[in-house]
Amino acid sequence: MRKGKSFSRYFVVTLCSSLLVFLLDGFFIFYRFNHFSQSKLFKLGTHINSELGTNVDNLLNHLVDFVEFTGLGTERIMKENADYKDVLDKYLLDSTAVFNHILGKNLDGEVYGVFEDYYPEIYDFKISENPEYKPKEREWYLKAKNADGKVVICGPYIDYETKEMQLTISKLLSDKTSVIALDFAIGEMDVFLDMLGSSTEYSTFVITDQGVVVAAKDVQKVFKDGVTNSSIFKKYYDKNTNRLILNKEKIEKFRLNGNVYFMFAKEISFDWYAITIYDSHSFYRELIQVYISCIIAFTLIFGLIFFFARLNEKKRISIDVTEKRFSALADLFLISYIINIKENTFTPVKTDPRITRFIGSITRYSDAIHEVCEHYIEGSSVAQFMNFTELRTLKDRTKKARIISEEILAKVIGWCKIWYIRLDEDSCIFAVDSIDKEKNREHTLLKLSESDLMTGLLNHVSGLLKIKDMIENKKYGMFCLFDIDQFKRFNDMYGHVIGDEVIISLAGAMRETFRDDDIMMRLGGDEFVVYIQGIQGRTQAEKKIRKFFENVENIKIEGRPELKVNVSMGVSFYKEGSDISYEKLYRLADSGTYQSKKIPGNSFTFV
């Protein structure tokens, strides 16, 4: 009996102690997870909203750059042509095509404007058929004129023709009368919200400082009567300025329709805001699920302590599962090894004879890495490979992220991705996979997106960005702007097919003259730009230009031996120690081109 009572007391004490530990552990886990989940929620909301704001900001900045650049081209056409209407019409249509093909992507825009008293009728909407439409009384014209040369955004507003909500970006030109404009339907901006995916936990939208929603996704889940009708946003209106002013530094918490929400705000261009609304129910739902999971887990563990003691079996099962995981992992990669960081040793999981022939009987992992680097890695990737495989820093790097990777170039398989996957404090998996096909596909797609379809040179958007990057990184050089003399006459006399052949042949002369790493681009029509890094003096520049003119003089158009091509060029320099912008380089070279037009034959002017 005593033995039975003693066992009962022991059992009760053990049970109570275990329950007490269970409750304390449960409380501690719940508390820690509550803190962790809230931190995770705020990071997720901030990240989603920052990504949304960055996407929309990048779009708006590209649109501003596009309008600035198109405005420069328009001013040049108006300056060089007394009767500029036909040339300007074609330039606006070409600019619209470039926008929709390269920059617009999922957007569909139109470039138009008022130029002195001329309004081009190049699209479906004709002002001659709508006499009540007064371009100089429209918001996009008035706002641009008041901004005195600064790019402005108008809207959203109802389009006169389509009756759809749209945005217009416009800019006053230097004559203080003409205005260039670009517009597109705001519904097409929803593509940037679609990039964030769909979720039952959060809603996203973009709103102006006037309280107009530009783009929205899943907001009806939160605001049943619409965003602008919500009492939540009414309190953020400034009565003095009649503008919406949100707190960008603080995460706002509010209650609506019986639910609690967190609001993340980010101010973007033109005083717009990117907003993400997160449903707090998902936050508490996760806590409850985890707590229930903890109860179930502790109950199972408690039962196992008292009723099962099959540690050896568990160990065998664990080993079996680990082996299956390694086997499955081996199928994912070309090569994989288990690395013992502490002992500096490695065990093969899946090998490749192209690698093992360099390793031989080497047992130390660091020695094997040096052999592989010497025989297998391309020179451009050697330093990158050695830094990534350095064992002394591996523990610290895999503490921050359990899985780390790097892309390198190998001599046999081309581009590959190398991985470290941490197993525990002293061991990890080293794996290699080929990404050569993906890299080649990525390079091909990038090349296509940056190229002018007719000539294969850089298009003017990608060329502009590359030259601006050169200027930002102080890569000094020579900026050449040129066009074909009397090119319109070629088209009028011989047709557009011959005109296209002339443009293609001129692009060929550029490739024969200039280096592959020189920036060669077609601005549009018969206008081209070359930026040559390293040339800052006139003597060296003249030698290069003379060589180009020789190649131009050798242009022969099949079936038209009498046709002679001449170009007029303006040359400006970005010299060491100077502070200059792309726009200034362009204006200087443009003035030089204008002077060269006065000289017969191939000619150039330094400015």
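With values rounded to the nearest 0.5 angstrom, Thr70 atom OG1 is found 8.5 Å from Leu72 atom CG. Rounding to the nearest 0.5 angstrom, the gap separating the CD1 atom in Ile335 from the CG atom in Asp433 is 9.5 Å. For the atom pair CD1 (Ile339) and OG1 (Thr345), the distance works out to 8.0 Å, reported to the nearest 0.5 Å. Taking CZ of Phe548 as the start and CZ of Phe482 as the end, the distance is 4.0 Å to the nearest 0.5 Å. Expressed to the nearest 0.5 Å, how far CG of Leu523 lies from CG of Asn459 amounts to 10.0 Å. In this structure, CG on Leu458 lies 11.0 Å from CG on Leu464, to the nearest 0.5 angstrom.
For Ser427 and Asp424, the side-chain atoms include at least one donor-acceptor pair closer than 3.5 Å. Side chains of Asp590 and Thr593: a donor-acceptor N/O pair is absent below 3.5 angstrom, by distance only. For the residue pair Asn344 / Ser366, a side-chain donor-acceptor distance below 3.5 Å is found, with atom types taken as modelled.
Between Val151 and Glu68 there is a side-chain heavy-atom pair separated by less than 4.5 Å. In this structure, Ile580 and Leu585 have side chains that are in contact, with non-hydrogen atoms separated by less than 4.5 Å. The side-chain heavy atoms of Tyr273 and Lys266, taken from C-beta on, include no pair separated by under 4.5 Å. Using a 4.5 Å cut-off on side-chain heavy atoms (C-beta onward), Ser95 and Phe66 make contact. The shortest side-chain heavy-atom distance between Val571 and Thr605 does not fall under the 4.5 Å cut-off. A 4.5 Å side-chain heavy-atom check between Phe385 and Ile418 finds at least one atom pair inside the cut-off. Counting heavy atoms from C-beta outward, Val98 and Val461 have side chains that approach closer than 4.5 Å. Side-chain contact between Cys373 and Met386 is present, with heavy atoms from C-beta onward closer than 4.5 Å.
Residues Val607 and Ser591 approach most closely at CG1-OG, 3.9 Å, considering heavy atoms. Taking both residues in full, the closest heavy atoms of Thr513 and Lys544 are given as O-NZ, 3.5 Å, listed atom of the first, atom of the second, then distance. Residues Ile408 and Ile377 approach most closely at CD1-CD1, 3.6 Å, considering heavy atoms. Across all non-hydrogen atoms, the minimal contact from Trp419 to Ser405 is CE3-CB, 3.8 Å. Of all the heavy atoms in Cys416 and Ala410, the pair that sits closest is SG-CB, 4.1 Å. Annotation for Glu527 and Asp483: closest pair CA-CB, 4.1 Å, computed over non-hydrogen atoms.
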Carefully, step by step, assess Met454 and Asp500 under the rule side chain to side chain contact (heavy atoms under 4.5 Å, CB included).
CA-CA 8 Å; Met454 180 185 293; Asp500 290 347; 3.3 Å; yes

Exercise. With side chain to side chain donor-acceptor pair (under 3.5 Å) as the test, would you mind laying out the steps for Asp452 and Thr455 before giving the verdict?
Key: CA-CA 6 Å; Asp452 175 70; Thr455 63; 2.9 Å; yes

Residue pair Lys171, Lys150: steps toward the side chain to side chain contact (heavy atoms under 4.5 Å, CB included) verdict:
CA-CA 6 Å; Lys171 181 182 186 295; Lys150 183 180 179 182; over 6 Å; no

For this session: Dump the intermediate steps for ring pair (Phe, Tyr, Trp, His ring centres under 6.0 Å) on Tyr337 and Tyr365, then the final yes or no.
Result: CA-CA 10 Å; Tyr337 290 84; Tyr365 175 71; 8.0 Å; no

task: Starting from the C-alpha separation in whole Å, work towards a yes-or-no answer on side chain to side chain contact (heavy atoms under 4.5 Å, CB included) for Ser505 and Val565.
output: CA-CA 10 Å; Ser505 298; Val565 180; over 6 Å; no

- Task: Could you walk me through whether Glu583 and Lys468 pass the salt bridge (charged side-chain N to carboxylate O under 4.0 Å, His left out) test, one step at a time?
- Result: CA-CA 9 Å; Glu583 288 74 17; Lys468 282 190 172 183; 3.6 Å; yes

Open item on the list: side chain to side chain contact (heavy atoms under 4.5 Å, CB included) for Val567 and Leu506? Distances and angles first, verdict last.
Closed with: CA-CA 9 Å; Val567 298; Leu506 184 60; 4.0 Å; yes

Apply salt bridge (charged side-chain N to carboxylate O under 4.0 Å, His left out) to Asp518 and Arg515, showing your working.
-> CA-CA 5 Å; Asp518 294 330; Arg515 303 167 298 188; 2.8 Å; yes

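In this structure, Asp436 contributes its side chain and Trp415 its backbone to a donor-acceptor pair below 3.5 Å. Using a distance-only test at 3.5 Å, with no hydrogens or angles considered, a donor-acceptor pair links the side chain of Asn554 to the main chain of Glu550. Side chain of Asn58 to backbone of Thr54: a donor-acceptor contact under 3.5 angstrom is found. The backbone N or O of Val111 lies less than 3.5 Å from a partner atom in the side chain of Thr96, making a donor-acceptor pair. No side-chain donor-acceptor contact under 3.5 Å links Tyr531 to the backbone of Met478. In this structure, Ser381 contributes its side chain and Glu378 its backbone to no donor-acceptor pair below 3.5 Å.
Tyr476 is linked by a ring pair (Phe, Tyr, Trp, His ring centres under 6.0 Å) to Tyr574, counting only residues two or more places apart in sequence or in another chain. Contacts of Asn61 classified as side chain to side chain donor-acceptor pair (under 3.5 Å), with partners at least two apart in sequence or in another chain: none.
The pair Arg546-Glu542 counts as a salt bridge, with a side-chain nitrogen and a carboxylate oxygen less than 4.0 angstrom apart. Salt bridge annotation for Glu343-Arg364: absent, with no cationic side-chain nitrogen under 4.0 angstrom from a carboxylate oxygen. Ion pairing between Lys342 and Glu425 fails under the 4.0 Å rule for side-chain N and carboxylate O.
Pairs passing the salt bridge (charged side-chain N to carboxylate O under 4.0 Å, His left out) check and including a residue from residues 386-395, sequence neighbours excluded, read Glu390-Arg392, Lys395-Asp426.
The environment of Asp579 atom CG is sparse: at most 12 non-hydrogen atoms of other residues, nucleotides or ligands sit within 6.0 angstrom. At most 12 non-hydrogen atoms from other residues, nucleotides or ligands lie less than 6.0 angstrom from NZ of Lys547. The local environment of NZ in Lys584 is sparse, with at most 12 non-hydrogen atoms from other residues, nucleotides or ligands closer than 6.0 Å.
Phe430 has its ring centre no less than 6.0 Å from the ring centre of Phe346. Annotation: Phe606 is in aromatic contact with Phe573 [ring centroid separation under 6.0 Å]. Taking the ring centroids of Phe479 and Tyr582, they lie under the 6.0 Å cut-off.
Of the residues Met569, Arg522, His460, the one that meets the side chain to side chain contact (heavy atoms under 4.5 Å, CB included) test with Phe528 is Arg522.
Under the 6.0 Å distance and 45° angle rule, Arg397 counts as a cation-pi partner of Phe388.
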